[in-house]
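To start, the structure under review is shown below, and the notes come after it.
Numbering starts at 1 and runs along the sequence shown. Whatever order the structure lists ligands and atoms in, that order sets their numbers, starting from 1.
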Amino acid sequence: MVIDHVERREFAEGLAVEAGQLAMSYRQQDDLEVRSKGVLDWVTEADLATERLIRTRINKFFPDDHVLGEEGTDQRAQIEAGHSTWIVDPIDGTTCFVSGLPSWCVSIACVDGQGHPFLGVVHDPTGAETFSALQGHGFTVNGHQTSVPSKGITDGLVGVGHPRNAPDAPTLTFLQRLFAVGGLFYNSGSAALGLAYVAAGRLVGFYESDLRAWDALAGEVLVRESGGWSTSFMRDGSLITSKPMLAANRGSAAALWDLAWDALEGCLSPEQVSGQ
Ligand code: IPD
Ligand code: CA
Ligand code: CA
């Protein structure tokens with residue numbers, strides 16, 4: 001069965017909104033069950049139920065597609081020629097979600113049978129915003145087509161996430177270099193939302209030293225389709241390995257690359273990408 005990717009995009013936008021409503025309904029409960037996976041690392045009933053909903057819908061509407069979710073028990077690499085794979089983070093920003101902070105989101109991406117990401121949808125239930133992109137079809141915010149303005153790194157804030165359970169040094173080095181050039185950082189507590197903000201022109205760039213596919217892939221497609229530049233998560237061909245990510249609008253990309261290039265082994269620089 002040939003399924004148009006435009007159909008997948010419409011489906012993913014609707015699903016992300018539905019999933020966000022479900023997560024939000026849990027947030028309003030006083031007795032939300034929260035389990036610790038480590039220091040400042042929680043999983044809630046809301047994460048599990050939201051991922052279950054997303055999986056169920058995808059299995060029903062796209063039975064030939066694969067699904068890889070953060071909270072799934074089956075986390076094998078699932079790229080297979082002729083099949084699309086959905087990459088799902090039911091709640092990106094669970095620490096914010098649990099703490100009563102507004103910045104968390106549902107993140108849904110899709111990669112093709114060659115492992116190329118072509119679809120990204122990030123939905124922010126608190127702000128009622130859906131950021132969506134399909135390769136070759138551009139980037140939208142709540143259905144409005146938009147592209148990222150070109151701004152320098154001191155014309156706005158740089159999103160910087162810090163992964164728990166990963167060394168501090170790469171983040172500290174990046175921050176030190178950013179401060180040295182007069183820049184400032186912002187941490188939304190959700191990598192996917194941070195990347196959506198780059199695509200929407202609200203942050204001039206985003207860096208995090210260690211991300212998983214479900215944190216990074218949707219945002220990567222958003223940034224690319226908005227006209228910005230991003231490192232490629234699939235640069236090593238793996239959905240499973242974690243790795244650093246840098247993304248920016250075109251006016252900040254080269255300057256941000258200079259702050260992080262030594263942490264970005266195997267990535268193409270903004271210059272190499274524009275020269276292709
Ligand atoms: C986390 C968030 C956070 C980032 C972490 C991620 P989670 O995802 O995106 O901003 O700094 O690296 O693990 O655990 O809230 O889904
Ligand atoms: Ca995440
Ligand atoms: Ca999550």
Problem - Aromatic plane relationship, F139 with F131 - under 30° parallel, 30 to 60° tilted, over 60° perpendicular - result: parallel
Item to complete: Classify the angle between the aromatic ring planes of F11 and F61 as parallel (below 30°), tilted (30 to 60°) or perpendicular (above 60°).
Response: tilted
* Vertex the Ca ion (ligand 3): angle to OE1 of E70 and O of I91, to 10°? ->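 The OE1/O angle about the Ca ion (ligand 3) sits at 160°.
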Identify the closest protein heavy atom to [atom]: which residue and atom is it, and at what distance?
atom	result
atom 15 (O) of ligand 1	G93 N, 2.7 Å
atom 5 (C) of ligand 1	E208 OE2, 3.4 Å
atom 13 (O) of ligand 1	R164 NH1, 3.6 Å
atom 6 (C) of ligand 1	D215 OD1, 3.9 Å

Query raised in the report: Considering the options D210, N165, D215, which one meets the side-chain hydrogen bond (donor to acceptor under 3.5 Å, both in side chains) requirement together with S242?
Result: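 Among the candidates, only D210 passes.
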- Message: Salt bridge check, R9 against E225: does any charged N sit closer than 4.0 Å to a carboxylate O?
- Response: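 Judged by the 4.0 Å cut-off on N to carboxylate O distance, E225 and R9 do not form a salt bridge.
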Item checked: D92 atom (N/O/S) at minimal separation from the Ca ion (ligand 2) ->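 Answer by atom name: OD1.
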Quiz item: In D215, which N, O or S atom comes closest to the Ca ion (ligand 2)?
Solution: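 Looking at D215, the N, O or S atom with the least distance to the Ca ion (ligand 2) is OD1.
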| said: Which atom name would you report as the N, O or S atom of D89 nearest the Ca ion (ligand 3)? | reply: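 In D89, the N, O or S atom with the shortest distance to the Ca ion (ligand 3) is OD1.
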Is there a side chain to side chain donor-acceptor pair (under 3.5 Å) between Q135 and H5 once you walk through the steps?
CA-CA 9 Å; Q135 185 175 336; H5 287 337; over 6 Å; no
Check: Counting heavy atoms only, which of G189, A192, G161 comes nearest to atom 10 (O) of ligand 1?
Finding: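 Looking at heavy atoms only, G189 sits closest to atom 10 (O) of ligand 1.
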Would you say ligand 1 has an N or O under 3.5 Å from any N or O of [X]?
X	answer
P163	no
S190	yes
D92	yes

Handout entry: Sole residue of D155, I153, T154, V148 in side chain to side chain contact (heavy atoms under 4.5 Å, CB included) with S252
Key =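 Of D155, I153, T154, V148, side chain to side chain contact (heavy atoms under 4.5 Å, CB included) with S252 is met by I153 alone.
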The answer for which part of E70 has a heavy atom under 4.0 Å from ligand 1 is side chain
For this session: Check whether any heavy atom of I91 sits under 4.0 Å from an atom of ligand 1.
Result: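 The answer is yes, since I91 has a heavy atom less than 4.0 Å from ligand 1.
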Pair D92, S190: side-chain N/O donor-acceptor within cut-off below 3.5 Å: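 Indeed, the side chains of D92 and S190 share at least one donor-acceptor pair under 3.5 Å.
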Of D112, D64, D65, the one forming a salt bridge (charged side-chain N to carboxylate O under 4.0 Å, His left out) with R8 is D65
If we number the atoms of ligand 1 from 1 as shown, the ones under 4.0 Å from a heavy atom of H162 are 11 (O)
Give the atoms of ligand 1, by number and element, whose distance to some non-hydrogen atom of D89 is under 4.0 Å.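 With D89 as reference, the close atoms of ligand 1 come out as 16 (O).
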>> Tell me if a side-chain donor or acceptor on T44 pairs with a main-chain N or O of D47 at a distance below 3.5 Å.
In response: yes
Is there a donor-acceptor pair closer than 3.5 Å between any side-chain N or O of K151 and the backbone N or O of G201?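 Indeed, once roles are kept as given, a pair shorter than 3.5 Å links the two residues.
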